[in-house]
Participant: 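This structure is in structure tokens; I'll ask about it shortly.
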Amino acid sequence: MNDFYLQVFEVVKLIPKGRVSSYGAIAKALGTAKSSRMVGYAMNLSHKHDPKIPAHRVVNRNGLLTGKHHFASATQMQELLNKEGVQVIDDKVCNFEHLFWDPIKEIKVE
DNA sequence: AATGTGACATACC
DNA sequence: TGGTATGCCACAT
């Protein structure tokens with residue numbers, strides 16, 4: 001598949017347990033900040049490439065679980081996050097800024 | 001090649 | 001607060 005998806009998957013897989021990231025941040029980290037939508041799109045197909053991709057750790061810039069509808073269950077995403085130690089309240093990540101994992105820092109170092 | 005789409009982001013009303 | 005509109009760009013058809 002195209003590098004874009006692969007890069008997205010790699011970044012998402014790099015997200016540490018108990019941490020979260022945003023589509024825009026990932027897109028920016030890949031160099032295509034304007035393709036934030038594609039990041040979510042990639043997540044949709046993520047299971048086809050690597051089912052183990054923790055798509056639940058990726059939320060929008062607001063910390064909202066906007067993509068929960070694409071999971072097996074609307075609550076699956078929240079449940080997974082809670083299990084990993086991420087407190088989710090009202091479909092949004094609590095202390096999002098605090099738990100936010102910046103992929104740019106991890107990718108920049110290479 | 002052209003058109004449609006979208007798990008975003010931002011702006012506007 | 002919340003819906004609507006536009007930009008954006010890579011993928012799908």
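Values reported hereafter were calculated over all heavy atoms of this structure, with side chains retained and with hydrogens, waters and symmetry mates removed. Sequence lines set the chain letters: A, B, ... in the order given, protein chains first and strands last, and positions in each chain run from 1.
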Participant: Could you check whether the rings of His49(A) and Phe9(A) sit parallel, tilted or perpendicular, using 30° and 60° as the cut-offs?
Facilitator: tilted
Participant: Quick one: which residue pairs count as a side chain to side chain donor-acceptor pair (under 3.5 Å) with a foot in residues 33-47 of chain A, not counting sequence neighbours?
Facilitator: none
Participant: Could you tell me the separation between the CD1 atom of Ile53(A) and the P atom of dA7(B), rounded to a whole number of Å?
Facilitator: 17 Å
Participant: Rounded to whole angstroms, how far apart are CZ on Phe4(A) and C1' on dG6(B)?
Facilitator: 12 Å
Participant: Can you tell me how far apart CD1 (Ile15(A)) and CD1 (Ile26(A)) are? Round to the nearest 0.5 Å.
Facilitator: 5.0 Å
Participant: Between protein and nucleic acid, restricted to nucleotides 1-5 of chain C and to nitrogen or oxygen atoms under 3.5 Å apart, what atom pairs and distances do you find?
Facilitator:
none

Participant: Specify the separation, in whole Å, of atom CG of Leu6(A) and atom P of dC11(C).
Facilitator: 10 Å
Participant: Starting from C1' on dT5(B), measure out to CG on Asn44(A) and report it in whole angstrom.
Facilitator: 12 Å
Participant: Once salt bridge (charged side-chain N to carboxylate O under 4.0 Å, His left out) is applied, what residue pairs with a partner in residues 8-30 of chain A remain, sequence neighbours excluded?
Facilitator: Lys13(A)-Asp50(A)
Participant: Pick the closest DNA chain C nucleotide for Ser35(A) and for Tyr41(A) by heavy atoms, then say which residue is nearer the 5' end.
Facilitator: Ser35(A)
Participant: Please classify the nucleic acid contact of Ala42(A) as base, sugar-phosphate, or nothing, using heavy-atom distances under 4.0 Å.
Facilitator: nothing
Participant: In terms of hydrophobic clustering (I, L, V, M, F, W, Y; side-chain heavy atoms under 4.5 Å; direct or indirect links), are Phe4(A) and Ile53(A) co-clustered?
Facilitator: yes
Participant: Whole-Å distance between dC11(C) P and Met43(A) CE?
Facilitator: 14 Å
Participant: State whether the side chain of Asn60(A) and the backbone N or O of Leu64(A) hold a donor-acceptor pair below 3.5 Å, judged by distance alone.
Facilitator: yes
Participant: Show which side-chain atoms of residues 83-91 of chain A pair as donor or acceptor with protein atoms under 3.5 Å away, not counting sequence neighbours.
Facilitator:
residue, atom, partner, partner atom, Å
Glu84(A), OE1, Arg57(A), NE, 2.6
Glu84(A), OE1, Arg57(A), NH2, 3.2
Glu84(A), OE2, His56(A), NE2, 3.0
Glu84(A), OE2, Arg57(A), NE, 3.4
Glu84(A), OE2, Arg57(A), NH2, 2.9
Asp91(A), OD1, Lys68(A), NZ, 3.3
Asp91(A), OD2, Lys68(A), NZ, 2.4

Participant: Nearest-Å distance, CG (Asp3(A)) to P (dC9(C))?
Facilitator: 18 Å
Participant: Who passes ring-ring contact (aromatic ring centres under 6.0 Å, His included) against Phe96(A), sequence neighbours left out?
Facilitator: Phe100(A)
Participant: Heavy-atom contacts under 4.0 Å between residues 76-91 of chain A and DNA chain B, which residues?
Facilitator: none
Participant: Under 4.5 Å between side-chain heavy atoms, hopping through other hydrophobics if needed: is there a path connecting Leu99(A) to Ile104(A)?
Facilitator: no
Participant: In whole angstroms, how far is the C1' atom of dC11(C) from the CG atom of Leu45(A)?
Facilitator: 9 Å
Participant: So, Ser73(A) side chain and Gln76(A) main chain: donor-acceptor pair closer than 3.5 Å or not?
Facilitator: no
Participant: Any chance you could list the contact pattern along nucleotides 8-13 of chain B? Use B for base contacts, S for sugar-phosphate-only contacts and - for none, protein heavy atoms under 4.0 Å, 5' to 3'.
Facilitator: BSS---
Participant: Indicate yes or no: at least one non-hydrogen side-chain atom of Met38(A) is less than 4.5 angstrom from one of Thr32(A).
Facilitator: no
